[in-house]
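What's counted below: heavy atoms across the whole structure, side chains too, no hydrogens, waters or symmetry copies. All of these numbers come straight from a predicted model, not from anything done at the bench. We're numbering straight along the sequence, starting at 1.
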Amino acid sequence: MRLGLGVIVAFACFLSGCAEQSQSIVGSNQVTAGMTAAQVQQLMGPPKNRQFSGTDEAWQYCETDYTGFAGDQYVLLWLSNGRVTGLERYTNTLTGTCDTFFRQIKFDDAPDTVVELRLR
């Protein structure tokens, strides 16, 4: 009986540790191009992974699939000069918590940014 209780406690600790590493990506449904970094963080919290290239950034969020059927879900946000320029979603089916498998960003794949030109 004592061993069984120890296994249950250890399993509960394992699950609570995984829950801290995962995050909800539901807020990504409300992210739109042009939003500021602060607005994104209000919706989704700080990114779990952040990569930079000059004034461009890539923020990644993930949600671990504890059922093992759907795969971990990821949201990749592209920002330029502190504003959202694009959003991508991808899935990973490898075993482990989602924050282990973030993509290495290739900034050549970033969405084009629009620069407004005004004639005087």
Item checked: 4.5 Å side-chain heavy-atom contact, V84 and V31 ->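 Contact flag for V84/V31 side chains = yes.
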Notebook entry, point to check: Considering only heavy atoms from C-beta outward, does the side chain of E57 approach that of R50 to under 4.5 Å?
Noted result: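 Answer yes - side chains close enough.
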List the atom of [X], the atom of [Y], and the distance in Å for their closest heavy-atom pair.
X   : Y    : answer
G86 : P111 : CA-CG, 3.8 Å
I25 : E63  : N-OE2, 3.3 Å
L87 : S28  : CD1-O, 3.8 Å

Find the distance between [atom1] ([X]) and [atom2] ([Y]) and round it off to the nearest 0.5 Å.
X   : Y   : atom1 : atom2 : value
M35 : T85 : CE    : OG1   : 13.5 Å
L77 : R83 : CG    : CZ    : 14.5 Å
Q39 : T32 : CD    : OG1   : 7.5 Å

Notebook entry, point to check: Who are the ring pair (Phe, Tyr, Trp, His ring centres under 6.0 Å) partners of F52, not counting sequence neighbours?
Noted result: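 By the ring pair (Phe, Tyr, Trp, His ring centres under 6.0 Å) rule, F52 matches no residue at all.
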Next item on the list: Using atom types as modelled and distance alone, determine if a side-chain donor or acceptor of Y61 lies under 3.5 Å from a backbone N or O of G45.
Entry: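 Judged by distance alone, yes, a pair lies under 3.5 Å.
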Checklist line | Whether Q51 side chain and I105 backbone form a donor-acceptor pair below 3.5 Å | finding: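 Here the side-chain-to-backbone pair exists.
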Next item on the list: Would you kindly confirm whether V40 and V26 end up in one hydrophobic cluster when ILVMFWY residues are joined by side chain heavy atoms under 4.5 Å apart?
Entry: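 Hydrophobic grouping puts V40 apart from V26.
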Notebook entry, point to check: Got a sec, which residues hit salt bridge (Lys or Arg N to Asp or Glu O under 4.0 Å) with R103, two or more places apart in sequence or on another chain?
Noted result: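 Partners of R103 under the salt bridge (Lys or Arg N to Asp or Glu O under 4.0 Å) test: E88.
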Does [X] have any side-chain contact (heavy atoms from CB on, under 4.5 Å) partners at least two apart in sequence or in another chain, and if so, which?
X   : result
Q41 : P46, P47, W59
Q30 : L43
N92 : D72, Y74, L94, F101
S53 : F107

Margin query: Q73 and side chain to side chain contact (heavy atoms under 4.5 Å, CB included): which single residue from D65, T91, T64 fits?
Written below: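 Going through the options one by one, the only one that passes is T91.
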